[in-house]
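Below: one structure, written as structure tokens.
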Amino acid sequence: MTTLDTRPGAAAATAPGADPLAVWPASTAESPHGGLLVGGVSLTEIAESHGTPVYVLDENEVRERCRTYRNAFPDAEIHYAAKAFLCRALARWVEEEGLGLDVCSAGELELAVTTGFPADRILLHGNAKSPRDLGTALRLGVGRIVIDTPAEIARIAAAVGPGGRQKVMVRVTPGISAGGHEKIRTGSDDQKFGLSLRDGHAQHAIARILDQPQLELTGVHCHLGSQITDVKPYLVAVRRLVGLMARVRDTHGVTLPELDLGGGHGIAYRPGDPALDVTALARGVRAELAGSCAAAGLRVPRLVIEPGRAVSGPAGVAVYRILAVKRTPGRTFVAVDGGMSDNPRPALYGVRYAPRLIGRHSPADSESVTVVGRHCEAGDILAEDVSLPADTHPGDLLAVPVAGAYHLSMASSYNLVGRPPVVAVLDGRARLLVRRETLEDLRARDVGL
Ligand SMILES: Cc1ncc(COP(=O)(O)O)c(C=O)c1O
């Protein structure tokens, strides 16, 4: 099975023999009568007090994951990729743990900076940055802007103006195909991100950036894709980027001080799925950087990495209430009160989860069911081949682990159901971070008639 099994129904939700709590936050504990505690708080109680669907975020799990990165990469700059999920509390946790931030819009940037995140520890990305994105970045004093397309060079230089200077990096596509699904592979040529090494666009852009007195090129960047579970593509990327840095030194006499390897570190969504070993990645990258730089006669650059999913994904749990159970001759469908409006990943990439019934013990035998959302799309499927008690019925609660990344950040108002709240748990206490989107919120935007 691949990391991210994209074939619907291709595998059982849980590999035989795998620890069923393996993909839950480390604080998860079973309680009597079928309850589940995360961060010392009962998920059933959260569902009762905040309603469903509700997203639960284990603060300690996020912080521990930041620390794992800090320990594995003590000399690197680690930027949490805000696109995975961002709210003010998360920005604060990440900041307190010593990480930087990678943002993709004026919105993410403003939210972080107004929460007190130091702007100089933020990188701005984007293949099509709007005037507002760039204006906000310059106004707030963002640490680096990652140039993704040639037209940005003159735009940023002009916006900085005479006498000013902005640190920039250049995003390169190193011609490497890696990642759990074709839609999240971004290191190969001929797609919308970055400048190709192979066709010389990257080298050409670098020459132009070095010609702009308003721009200070600090290094090269690549992001290979997401859900990568193997260290090898990163090592190939290091080799190719160091090769580029050596050519920049030879051609322009400039030694770039930074190399940014992006994020993409794969995590397990179901027990038994593979995940990227962060310590092995750190060891491999360190050795490859040292070897490639020694061979090229280059000083080892400062490493930058941008993990998103691996920091927040496993810290999140989605809790739904079951609204309907439907039996057909071939299958049993269990429908919950959320779905693709709070988690579009299954519909986008065919991803499947391993949900679990919570809140009661059932004496019934188990049966294999398909868990679906409530939305008007046949592709609104959360999980297949899930073993649930045969007496599962409307009103039961279903909890879905590994729900902290690319769920709510990609959520929509499809069918006008409103986006769920986010509740943080820590040391037996729950606190609301993001409130539920109400029908009033949705109606307030609808100003015409
Ligand atoms: C430039 C860049 N950096 C980092 C990330 C984070 O990726 P992940 O959440 O898979 O670690 C992404 C994701 O799309 C990205 O585009």
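First listed ligand is number 1; within each ligand, the first listed atom is number 1. One-based numbering along the sequence shown.
A heavy-atom cutoff of 4.0 Å around ligand 1 is satisfied by the protein residues Ala81, Lys83, Asp102, His125, Arg171, His221, His223, Ser226, Gly263, Gly264, His265, Glu306, Pro307, Gly308, Arg309, Tyr406.
The shortest distance between side-chain heavy atoms of Glu306 and His125 falls below 4.5 Å. Between Glu437 and Leu442, the closest side-chain pair of non-hydrogen atoms falls below 4.5 Å.
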Listing, residues 373-381 side-chain donor-acceptor contacts under 3.5 Å, not counting sequence neighbours, or none:
residue: His375; atom: ND1; partner: Asn415; partner atom: OD1; Å: 2.8
residue: His375; atom: NE2; partner: Ser341; partner atom: N; Å: 3.4
residue: His375; atom: NE2; partner: Ser341; partner atom: OG; Å: 2.7
residue: Asp380; atom: OD1; partner: Met340; partner atom: N; Å: 2.8
residue: Asp380; atom: OD2; partner: Arg374; partner atom: N; Å: 3.3
residue: Asp380; atom: OD2; partner: His375; partner atom: N; Å: 2.9

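Judged by distance alone, the side chains of Thr114 and Glu110 never bring a donor and an acceptor atom under 3.5 Å apart.
By the side-chain contact (heavy atoms from CB on, under 4.5 Å) test, Glu95 pairs with Phe117, Pro118, Arg121, sequence neighbours left out. For the side-chain contact (heavy atoms from CB on, under 4.5 Å) test, residues two or more places apart in sequence or in another chain that qualify with Val254 are Leu210, Val248, His252, Leu256.
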